[in-house]
Participant: 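One structure, pasted below without further comment.
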Amino acid sequence: MIIKEEYIGMLKRLGLIAGGIAVIMVIMTAVEWKGGNKVADIVIEVEPLEEGALLITKEDIQKVIDRSFGIPLTALSVRELEIDRLEKVLEEEPFILDAEAFVDAKNRVRIEVEQRRPILRIIDNNGLNYYLDDQGVKMPLSPHFSARVLVATGNIPPHTPEFLERKKNTLKDVYQLADLIREDELLMAMIEQIHVSNRGEITLVAKVGPAKVLFGQMTDAEEKLRRLKIFYQEVTSIEGWQKYRAVDLRYKGQVVGVK
């Protein structure tokens with residue numbers, strides 16, 4: 001009786017093993033069959049920016065793919081498709097932060113693209129005109145959309161990939177100042193431009209109210225902006241915008257209204 005039970009148990013284990021092997025073979029056959037199929041279509045989805053903007057379109061992305069691979073992806077089999085290469089090619093585009101690609105159950109290549117988000121536009125004295133994103137990466141202007149962001153002009157050095165790591169750099173100063181302004185709802189509503197003079201002095205250009213805010217050097221930036229907010233909230237609410245043509249923040253602990 002004991003021998004018979006052991007025999008039955010062994011048969012059950014062999015059956016499970018055989019069943020597992022059969023399942024694996026079926027899966028491998030299905031994968032092999034699928035890999036031989038042609039790519040049926042390419043479906044591209046671009047996540048828009050907050051305002052619904054597209055700096056790069058589906059058509060742009062399709063052109064990048066065609067240029068990089070030399071032939072339409074639909075001419076390839078699923079097995080021949082290099083997903084890693086496809087993602088890398090797209091992420092080398094200046095408007096693309098991240099690209100995810102995969103083949104769905106219908107043999108369609110699905111591509112999901114996350115755009116870089118411009119936060120500052122640079123127009124320097126050398127005629128260079130470009131965006132910086134929220135990681136400090138340089139982006140060209142888009143033919144499809146002009147981002148409504150702060151603009152920095154004047155004596156600004158050329159962009160280099162490591163500019164944020166430098167101890168002293170005017171582009172870094174401008175970028176960090178723009179970041180402080182962006183974090184404050186009131187200041188974003190009031191300020192539209194950062195200008196750097198040939199002497200390295202910063203002037204903020206306001207949308208409304210006193211046209212110029214004399215900021216000076218990039219020292220005590222947060223304290224200067226705090227004083228500017230007080231001026232906007234308290235002084236001008238009592239005396240009105242028209243009374244001042246400029247605001248001077250260069251003197252420590254003071255806000256000087258220039259009439």
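The residues of the chain are indexed from 1 along the displayed sequence.
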Participant: Applying side-chain contact (heavy atoms from CB on, under 4.5 Å) between Leu90 and each of Ile44, Ile56, Ile111, report the one that passes.
Facilitator: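 The side-chain contact (heavy atoms from CB on, under 4.5 Å) with Leu90 is passed solely by Ile111 among Ile44, Ile56, Ile111.
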Participant: May I ask you to decide if Asn126's main-chain N or O and Asp124's side chain share a donor-acceptor pair within less than 3.5 Å?
Facilitator: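 Yes, the answer is positive, given that a donor and an acceptor are paired below the 3.5 Å cut-off.
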Participant: Cut-off 3.5 Å, side chains only: do Asp60 and Thr57 have a donor facing an acceptor?
Facilitator: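 There is such a pair between these side chains.
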Participant: So if you build clusters from Ile, Leu, Val, Met, Phe, Trp, Tyr with side-chain heavy-atom gaps below 4.5 Å, do Ile83 and Leu76 land together?
Facilitator: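 Yes; tracing contacts between hydrophobic side chains, which count when under 4.5 Å, links both residues.
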Participant: Check whether Lys212 reaches the backbone of Val247 with its side chain - one donor and one acceptor, N or O, closer than 3.5 Å.
Facilitator: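 Judged by distance alone, no pair lies under 3.5 Å.
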Participant: Would you say Ile122 and Leu171 make side-chain contact, with heavy atoms under 4.5 Å?
Facilitator: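 Sidechains of Leu171 and Ile122: in contact.
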Participant: Is any side-chain heavy atom of Leu214 closer than 4.5 Å to one of Leu249?
Facilitator: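 A side-chain contact is absent here, since even the closest heavy-atom pair is not under 4.5 Å.
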Participant: Measure the NZ-NZ distance between Lys63 and Lys58 for me, rounded to the nearest 0.5 Å.
Facilitator: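 If we round to the nearest 0.5 Å, Lys63:NZ and Lys58:NZ are 15.5 Å apart.
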Participant: Atom NZ of Lys224 and atom CG of Asp248: how far apart are they, to the nearest 0.5 Å?
Facilitator: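 Here the rounded value is 9.0 Å.
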Participant: When hydrophobic residues are tied together by side-chain contacts of less than 4.5 Å, even through go-betweens, does Ile61 share a cluster with Val103?
Facilitator: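 Yes, it is one cluster - the side chains of Ile61 and Val103 are joined through contacts under 4.5 Å.
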Participant: Around atom CZ of Phe102, are there more than 12 heavy atoms of other residues, nucleotides or ligands at under 6.0 Å?
Facilitator: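 Result for CZ/Phe102: enclosed.
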Participant: Rounded at 0.5 Å granularity, tell me how far CG in Asp66 sits from CD1 in Ile42.
Facilitator: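 So the gap between those two atoms works out to 7.0 Å.
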Participant: Please round to the nearest 0.5 Å and tell me the distance separating atom CG of Asn155 and atom OG1 of Thr170.
Facilitator: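 That separation rounds to 7.0 Å.
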Participant: Measuring from atom CG of Leu128 to atom CD1 of Ile123, what distance do you get when rounded to the nearest 0.5 angstrom?
Facilitator: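 Going from the CG atom of Leu128 to the CD1 atom of Ile123 covers 11.0 Å.
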Participant: Give a yes or no answer on whether the side chain of Lys172 reaches the backbone of Arg166 with a donor-acceptor pair at less than 3.5 Å.
Facilitator: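 Checking the backbone N and O of Arg166 against the side chain of Lys172, a donor-acceptor pair under 3.5 Å is found.
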Participant: What distance separates Tyr130 OH from Leu120 CG, expressed to the nearest 0.5 Å?
Facilitator: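 Result: 8.5 Å between the selected atoms.
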Participant: Scan for side-chain hydrogen bond (donor to acceptor under 3.5 Å, both in side chains) pairs involving residues 85-102, sequence neighbours excluded, and state none if there are none.
Facilitator: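 Qualifying pairs: Glu82-Arg85.
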Participant: Determine the sole option in Asp134, Asp133, Leu55 for which the side-chain contact (heavy atoms from CB on, under 4.5 Å) test with Arg116 is passed.
Facilitator: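 Of all the options given, the one that passes is Asp133.
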Participant: Any heavy-atom pair between the side chains of Arg110 and Glu45 that's under 4.5 Å?
Facilitator: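 Side-chain contact under 4.5 Å: yes.
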Participant: Passes side-chain contact (heavy atoms from CB on, under 4.5 Å), Val46 versus Phe95? Steps please.
Facilitator: CA-CA 11 Å; Val46 183; Phe95 292 119; over 6 Å; no
Participant: Atom CD of residue position Glu162 - does it have more than 12 heavy atoms of other residues, nucleotides or ligands inside 6.0 Å?
Facilitator: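 Yes - once you tally the heavy atoms of other residues, nucleotides and ligands closer than 6.0 Å, there are more than 12.
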Participant: Establish whether Leu164 and Leu150 are linked, either directly or via other cluster members, by ILVMFWY side-chain heavy-atom contacts under 4.5 Å.
Facilitator: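 In one cluster with Leu164: Leu150, yes.
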Participant: So if I apply the side-chain contact (heavy atoms from CB on, under 4.5 Å) rule between Gln115 and each of Ile96, Leu97, Leu49, which one comes out positive?
Facilitator: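 Only match with Gln115 under side-chain contact (heavy atoms from CB on, under 4.5 Å): Leu49.
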Participant: Is Val151 reachable from Phe215 through a run of hydrophobic residues whose side-chain heavy atoms are each under 4.5 Å from the next?
Facilitator: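 Result: no, two separate clusters.
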Participant: Does the side chain of Leu204 come within less than 4.5 Å of Met190's, by heavy atoms?
Facilitator: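 Not touching, per the 4.5 Å side-chain cut-off.
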Participant: Can you tell which of Asn198, Val196, Ile156 makes a side-chain contact (heavy atoms from CB on, under 4.5 Å) with Asn125?
Facilitator: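 Output: one option passes, namely Asn198.
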Participant: Indicate yes or no: at least one non-hydrogen side-chain atom of Pro157 is less than 4.5 angstrom from one of Asn169.
Facilitator: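 They are in side-chain contact.
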Participant: Using the test ring pair (Phe, Tyr, Trp, His ring centres under 6.0 Å), find all partners of Tyr175 that sit at least two apart in sequence or belong to another chain.
Facilitator: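 By the ring pair (Phe, Tyr, Trp, His ring centres under 6.0 Å) rule, Tyr175 matches Phe163.
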Participant: Looking only at heavy atoms, which two atoms of Val89 and Ser68 are closest? And how far apart?
Facilitator: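 Val89 and Ser68 have their closest heavy atoms at CG1-OG, 3.1 Å.
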Participant: Could you check whether any side-chain N or O of Lys207 sits under 3.5 Å from a backbone N or O of Met188, counting only pairs where one atom can act as donor and the other as acceptor?
Facilitator: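 Checking the backbone N and O of Met188 against the side chain of Lys207, a donor-acceptor pair under 3.5 Å is found.
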Participant: Same hydrophobic cluster for Val205 and Tyr232, using side-chain heavy-atom links shorter than 4.5 Å among ILVMFWY?
Facilitator: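 As far as the 4.5 Å side-chain criterion goes, Tyr232 and Val205 are not connected within one cluster.
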Participant: Taking NZ, NE, NH1 and NH2 as the nitrogens, is one of them in Arg227 or Glu223 under 4.0 Å from a carboxylate oxygen of the other?
Facilitator: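 Yes, this pair counts.
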Participant: Please walk me through it: do Leu86 and Ile65 pass side-chain contact (heavy atoms from CB on, under 4.5 Å)?
Facilitator: CA-CA 7 Å; Leu86 175 58; Ile65 295 170; 3.9 Å; yes
Participant: For residues 177-185, which side-chain N or O atoms pair as donor and acceptor with protein atoms under 3.5 Å away, sequence neighbours left out?
Facilitator:
{"residue": "Asp179", "atom": "OD1", "partner": "Arg182", "partner atom": "NH1", "Å": "2.5"}
{"residue": "Asp184", "atom": "OD1", "partner": "Leu186", "partner atom": "N", "Å": "3.0"}
{"residue": "Asp184", "atom": "OD1", "partner": "Leu187", "partner atom": "N", "Å": "3.0"}
{"residue": "Asp184", "atom": "OD2", "partner": "Lys229", "partner atom": "NZ", "Å": "2.6"}

Participant: Is the backbone of Gly136 close enough, under 3.5 Å, to the side chain of His159 for a donor and an acceptor to pair up by distance?
Facilitator: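 Looks like yes, one N/O pair under 3.5 Å.
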